[in-house]
Amino acid sequence: MAHRGSQATTLYLTALYMLVSCTAVPVNDLLDRASQRSDKLHSLSTSLTHELDSHFPPIGRMIMPRPSMCHTSSLQTPTDKEQALRVSESDLLSLARSLLQAWVDPLLLLSSSANSLPHPAHNSIYRKIQELQEYSKSLGDGLDILSGKMGPSSQYISLLPFRGSNDIGQDKTSRLVNFQFLLSCFRRDSHKIDSFLKVLRCRAAKMRPEMC
Amino acid sequence: SVYGVLLFLCLLDVYKISGHFGPPGKPKLTSCRSPEKETFTCWWEPGSDGGLPTTYALYYRKENSDAVYECPDYHTAGENSCFFNKNDTSIWVNYNITVVATNALGSNFSDPVDVDVVYIVQPHTPENVTVTVMEDKDGPFLRVSWEPPRKADTRSGWITLIYELRVKLEGEEEWEEHRAGQQKMFNIFSLRSGGMYLVQVRCKPDHGFWSEWSSTTYIKVPDYFPRETSVWILIAVFSAFIFFILTWILNLKSNSVKHCLLPPVPGPKIKGFDKQLLKNGRSEEVFSALVVPGFPPTTSSDCEDLLVEYLEVYTPEEQELILEEGKDLQEGCLKSKGSPSDSDSGRGSCDSHTLLMEKCGEGEGKEEKHQERAQKGKRQQKHQTGWEEGDVSHTREDVLSPDMSEGRVKTWPSVFSPLPQYSSRPLDHQGSLETARQLCLSDSLFPPPSTSSHLSYNAKEGLAASGLQLPGFRSTEYVEVQRVNQEDMVILQPLFSSSCQRDGHLQIGQGEDYSKVKGVDSGNMLLLQREVEVKREEEDGDRYSCDIQDRVTESCYTTSTAASSQVTGKPTSCAGTAMPVQEEMVLAANGYVDAATIRQQEMCQVRVETKTHSNKG
């Protein structure tokens with residue numbers, strides 16, 4: 001009797017699993033797409049910092065604020081591999097979404113001040129900021145969908161308000177310094193997002209071990 | 001001892017000044033790398049040591065603390081390096097690293113460097129690169145496979161690697177590079193049979209640096225026969241076969257092919273022309289052979305074929321006008337030049353435009369005017385229309401039918417036409433040749449030319465040259481050649497001014513324009529009555545005086561030089577056909593003149609038959 005009951009539940013679970021997996025875009029596929037976007041996001045930010053560095057006043061490096069001054073530094077993130085691999089999928093996703101959410105406003109500020117930036121490549125910088133915003137938006141939407149599939153704990157987003165003023169500075173040097181500082185903070189955070197998503201991707205890709 | 005110390009210090013100072021000893025130079029951090037995002041190593045470059053043993057120390061500070069730490073491991077990574085193990089490595093944390101060089105005389109700090117481990121990842125080379133030759137339906141290919149570097153943890157997704165490989169034939173300069181993405185296997189096709197290939201692989205993290213190339217793997221491709229070549233051989237053999245067949249056929253039919261491609265050039269076909277004679281013989285023989293007995297035609301029958309009959313109208317005092325006319329004639333003749341040649345045989349004189357040209361030429365400078373020559377083979381005059389159309393052809397059959405024969409319109413040379421128009425004064429009877437008359441064609445017997453042409457003819461020849469008005473017709477005296485009948489008789493009809501026109505009815509014009517032909521005297525002259533009475537339906541009283549040129553000469557012009565002899569011969573043949581002048585016939589009631597015969601002195605005779613045209617009710 002019990003034997004038959006266990007058989008029935010196995011059958012039932014298998015059927016349910018198959019049903020679930022057959023319905024929408026599979027999670028690993030969604031994660032694959034999301035990690036591709038985050039990869040692009042980070043690449044863009046890296047190229048932006050390099051571009052800004054090309055015409056950066058040396059004195060600016062001296063007065064550059066420390067990275068701990070980033071507005072997202074309060075968010076606790078793993079600092080090495082063991083820590084990172086111990087984090088649950090939901091938490092990883094939550095972290096990624098929180099970080100992404102925290103940059104919506106600062107990107108707006110960067111975008112608005114890019115045109116008037118005292119830098120020879122300010123046009124190209126402005127275009128790249130626009131791209132950043134697009135990718136960020138689409139990644140956020142994708143992660144929202146993912147979080148719907150991965151359980152309630154992934155829905156939690158830490159609020160990381162941007163307390164910086166709406167102005168990046170008055171004089172040329174401080175404008176450049178503040179701009180560069182914001183970009184460096186974004187570069188790191190985008191790398192975190194990318195890393196978390198790629199770890200998630202490999203965890204979900206049980207059917208495609210060759211990718212991981 | 002004090003002196004000894006001082007000496008020692010002096011020596012030291014001396015050495016210092018001489019530059020042998022000094023504090024160490026500034027060291028420099030060259031690079032820091034992490035192979036797997038879990039540990040990292042930093043290397044520095046020592047500056048000058050100042051001549052003294054120098055020690056180096058690396059100090060670092062993490063981003064969110066002020067504590068300064070010294071390098072935990074100076075040896076694992078080799079000389080002038082600092083190795084940070086897993087415990088000491090934090091990611092997403094800025095390291096502020098400084099190297100200090102110290103010797104007895106001082107120390108020197110390097111410039112600090114900020115390092116974030118995640119940005120300095122450079123993995124080791126891929127491992128276990130294996131290359132095998134595999135077979136395919138298209139031929140052999142290489143399958144290259146490898147593994148990620150041992151330390152890199154790709155399974156958990158901690159590190160994502162992309163790979164790249166390169167291939168070249170032994171002895172070649174250039175490598176062929178291929179991106180393999182995240183896969184760990186790659187196929188290479190289009191191999192050279194029997195070639196030795198070199199393969200290398202390297203990798204890179206998603207945001208990091210490329211690794212070194214792996215050690216070279218050698219692989220030899222076995223000899224094989226490429227399938228493509230066999231197809232080409234088959235095609236070559238087949239084409240050769242086809243080619244041989246074609247050559248053989250071409251050989252068989254060489255003659256017809258030659259004829260088709262290189263048609264024989266037609267040689268000259270001159271009757272009597274003998275190429276052999278030309279080559280061998282003398283020129284006289286050649287030219288004498290050219291003389292064909294049958295050419296040019298000399299018989300009377302031929303004479304008839306040639307043709308033109310002319311009515312010459314002569315007015316001595318109007319030579320100037322004639323000269324003017326001549327010019328017109330010239331123009332007019334030129335217009336008629338376009339006569340197509342019908343055959344190689346001799347053309348009728350009337351056909352010949354040179355005849356017309358001659359006539360025109362004559363008209364320019366000659367004093368005597370145009371002569372009408374009547375011959376056996378009389379032709380119709382349709383000079384107006386014929387002139388327009390510009391061609392003259394004469395066949396006997398055409399006498400009555402004025403329409404085109406052989407597509408050509410009969411025409412008289414235009415020499416006739418303009419002359420009579422110019423004379424605006426009464427005609428003088430001076431000698432035999434007097435005022436010019438116009439010979440107008442009766443339109444009734446001929447298909448009427450278009451009025452415009454008729455008029456235009458007049459306009460061109462007569463008015464243009466002389467500027468006289470058409471009514472000038474009235475002042476001239478006309479004999480109208482009505483037609484040439486079957487008996488080779490030119491039927492003339494005196495013409496009133498108004499009747500020299502299109503409507504084609506024989507009209508009897510006014511008075512002094514016409515004269516009756518009284519007769520033909522022995523000198524081949526038409527004698528005309530002077531009186532001019534124009535009345536219709538009067539039979540006897542009407543006398544029309546047409547000052548017609550009395551002498552009618554016929555010229556049988558041909559293009560050949562033998563023409564003259566022909567002409568001279570003619571009278572004999574024509575003479576027999578002379579008819580007695582019938583005087584009573586000459587005096588026609590209505591003034592039509594039928595010149596029975598006009599004997600010509602030395603020319604062929606034109607039988608001019610005057611016929612009375614009676615308008616009796």
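Within every chain, numbering begins at 1; the chains are lettered A, B, ... in the order of the sequence lines, protein sequences first and strands thereafter.
Asp194(A) has its side chain within reach of His207(B): a pair of non-hydrogen atoms, C-beta onward, lies under 4.5 Å apart. For the pair Arg155(B) and Cys202(A), the minimum side-chain heavy-atom distance is 4.5 Å or more. Side-chain contact between Trp158(B) and Val199(A) is present, with at least one heavy-atom pair separated by less than 4.5 Å. Under the 4.5 Å side-chain criterion, counting only non-hydrogen atoms from C-beta, Asp153(B) is in contact with Leu85(A). Side-chain contact check for Lys81(A) versus Thr89(B): every heavy-atom pair is 4.5 Å or farther apart.
More than 12 heavy-atom neighbours from other residues, nucleotides or ligands sit within 6.0 angstrom of NZ on Lys220(B). Surrounding NZ of Lys168(B) are more than 12 heavy atoms belonging to other residues, nucleotides or ligands, all under 6.0 Å away. Few gaps surround CZ on Phe209(B); more than 12 heavy atoms of other groups in view lie less than 6.0 Å from it. No more than 12 heavy-atom neighbours from other residues, nucleotides or ligands sit within 6.0 angstrom of CD on Glu212(B). For OH of Tyr135(A), the number of neighbouring non-hydrogen atoms (other residues, nucleotides, ligands) closer than 6.0 Å is 12 at most. Other residues, nucleotides and ligands place more than 12 heavy atoms under 6.0 Å from the CD atom of Glu135(B).
Ranked by heavy-atom pairs shorter than 4.5 Å toward chain B, the options Glu82(A), Met69(A), Gln83(A), Lys192(A) are led by Lys192(A). The most heavy-atom pairs under 4.5 Å with chain A, out of Asn64(B), Asn96(B), Val118(B), come from Val118(B).
His191(A) and Asp116(B) are not linked by any side-chain donor-acceptor pair at a separation below 3.5 angstrom, with hydrogens and angles left out of the test.
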Give the intermediate values and the outcome of side chain to side chain contact (heavy atoms under 4.5 Å, CB included) for residues Lys198(A) and Asp206(B). CA-CA 10 Å; Lys198(A) 280 173 180 166; Asp206(B) 45 7; 2.6 Å; yes

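Of the atoms belonging to Thr39(B), not a single heavy atom falls under 4.5 Å from chain A.
Here the closest heavy-atom approach between residue Pro67(A) and residue Glu63(B) is recorded as CB-OE1, 3.6 Å. Summarising the geometry of Trp92(B) relative to Ser195(A), their closest heavy-atom pair is CZ2-OG, 3.5 Å, with the distance given to 0.1 Å.
Salt-bridge formation is detected for the pair Asp66(B)/Arg66(A): a Lys NZ or Arg NE/NH1/NH2 atom is positioned less than 4.0 Å from an Asp or Glu carboxylate oxygen.
Against chain A, no residue from residues 196-204 of chain B qualifies, as none has a non-hydrogen atom under 4.5 angstrom away.
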